Amino acid sequence: MMNLLRLLGGRTGSAPVARERLQILLAHERGLRGQPDLLGLLRAEILAVVSRHVKLDPEKVIVRMDRGENVSTLEVDIEVPNGSERSIAAAAI
Amino acid sequence: MAKVLVVTSGKGGVGKTTSTAALGAALAQMGEKVVVIDFDVGLRNLDLVMGAERRVVFDLINVVQGVAKLQQALIRDKRLDNLWLLPASQTRDKDALTDEGVRNVIADLRTKFDWILCDSPAGIERGATLAMRYADAAVIVTNPEVSSVRDSDRIIGMLDSKTVRAEKGERVEKHVLITRYDSARATRGEMLSIEDILEILATPLLGIIPESQDVLRASNVGSPVTLNNADSMPARAYIDAARRLAGESVTMVVPVERKSLINRLLRRRAA
């Protein structure tokens, strides 16, 4: 449809893109209203679980979310310092 | 019965203060007794837009903290004797506002005025939440632009959950006021259309204020645009909006700028 308009009308403005982006974004944000901060919660719990076994720098636990239209991805990036095997071993004793 | 109206937006710079002054003056011109309150503590500007900046002695914080009486802080407009201003403090910050203090001031004003217009600061922090806290109705000022519409949506969510009315299970009457509207750009599809904005926000329209030199000119001289040039397009749009607030049914007009051929040619050359 947009392509057709473009062909017929010469050029089309960016307003339809703005409307579409807003509709997708707001549908998501309205769903989150009143909910706890999901990423913050995940980050804190992941940190707690991993810290039980490996010594971690809390700053080096990064949780990212990328929202797609149908599927979203959750990316968890944890930097484990070298020599943590020893701390695991120590923890086992 | 008095009506408390918050003028809010979330985003800054969309025209809350201009709209508060223009709507307040328009309601006063209709014979209503009106007070406009500046909630932007620390960054007050309503006094400047109303042309009362040299007459501020006491402010909202002084009244909230009991340092001054309400009557001492209220400033009467020099042009309309049924229009009053309650200025914000310029030296304090928003933490000086308390829920109880605001509640008492609003309750007192309700006994004295027909309309209490609360000019909210930008953002969603204390100043903004207290400005909307006791509102019966809200004007959500929105520009036809993605960030403004997103912030308006957030503010609408807060009006439906954080106000005293919402907490009692009652509704805050909400209206969208579209400002800085440029009909030529909307026609070319470069700007979100009125229909797009209303569909996304699912909130009724109060008025459409065109982007105009008259708005800037009015604030330059410290006069609400409805008083400064009542025949200008933005003033007429604000006057219509005020009549709708008062319950009149006024046909919605999409402001279209009429440019003469000469103007168009000049603009093209300038560009």
Side-chain angles (χ1 to χ4, degrees), chain A residues 1-48 57-78, chain B residues 8-11 14 123-124 128-129 132 140 142-163 166-167 169 172 174 176 178-203 205 208 211 254 271:
Chain A
M1 186 62 193
M2 291 257 314
N3 288 334
L4 190 65
L5 279 177
R6 209 166 277 155
L7 278 175
L8 291 173
R11 72 192 166 131
T12 311
S14 51
V17 181
R19 182 185 58 202
E20 208 172 306
R21 288 180 59 221
L22 267 173
Q23 279 169 334
I24 294 171
L25 174 71
L26 292 181
H28 173 79
E29 285 187 347
R30 285 170 188 154
L32 285 184
R33 231 167 253 165
Q35 302 287 315
D37 165 24
L38 179 64
L39 286 191
L41 204 69
L42 281 173
R43 192 180 165 281
E45 292 196 11
I46 291 169
L47 179 64
D57 177 356
E59 297 293 309
K60 300 285 168 62
V61 178
I62 296 160
V63 180
R64 272 189 219 96
M65 175 87 88
D66 191 4
R67 278 196 315 276
E69 220 164 308
N70 301 312
V71 185
S72 300
T73 56
L74 183 68
E75 185 185 328
V76 183
D77 188 344
I78 305 176
Chain B
T8 184
S9 70
K11 192 176 182 332
V14 295
I124 52 169
T129 52
M132 71 167 67
I140 301 124
T142 307
N143 289 171
E145 183 264 323
V146 284
S147 56
S148 174
V149 175
R150 180 199 210 172
D151 291 0
S152 292
D153 190 75
R154 182 88 199 271
I155 284 291
I156 288 169
M158 292 176 65
L159 287 163
D160 288 337
S161 62
K162 305 264 162 98
T163 52
E167 285 169 6
V172 172
K174 300 183 297 278
V176 169
I178 296 174
T179 54
R180 312 200 72 165
Y181 180 75
D182 182 332
S183 61
R185 292 180 63 196
T187 312
R188 290 198 298 268
E190 295 167 7
M191 190 179 239
L192 281 167
S193 69
I194 306 288
E195 295 75 29
D196 288 347
I197 298 170
L198 298 181
E199 188 194 328
I200 291 168
L201 295 178
T203 302
L205 179 64
I208 308 161
E211 170 85 71
V254 179

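In this text, all values refer to a predicted model and were calculated from it rather than measured experimentally. Labels below follow one simple rule: chain letters A, B, ... track the order of the sequence lines, proteins then strands, and each chain is numbered from 1. Values below: all heavy atoms of this structure, side chains included; hydrogens, waters and symmetry mates excluded.
- Enclosure of atom CZ in A:Arg21 is not indicated, since only 12 or fewer non-hydrogen atoms of other residues, nucleotides or ligands lie within 6.0 angstrom.
- A 6.0 Å sphere centred on CD of B:Glu167 holds more than 12 heavy atoms belonging to other residues, nucleotides or ligands.
- Considering every non-hydrogen atom in both B:Gly189 and A:Pro16, the closest pair reads O-CD, 4.2 Å.
- In this structure, B:Arg154 places its CZ atom where only 12 or fewer heavy-atom neighbours from other residues, nucleotides or ligands lie under 6.0 Å away.
- If you take CG on A:Leu22 and CD on B:Glu145, they are separated by 9.0 Å, rounding to the nearest 0.5 Å.
- The distance from the CG atom of B:Leu192 to the CZ atom of A:Arg19 is 8.5 Å, given to the nearest 0.5 Å.
- With salt bridges taken as basic N to acidic carboxylate O contacts below 4.0 Å, one links A:Glu29 and B:Arg150.
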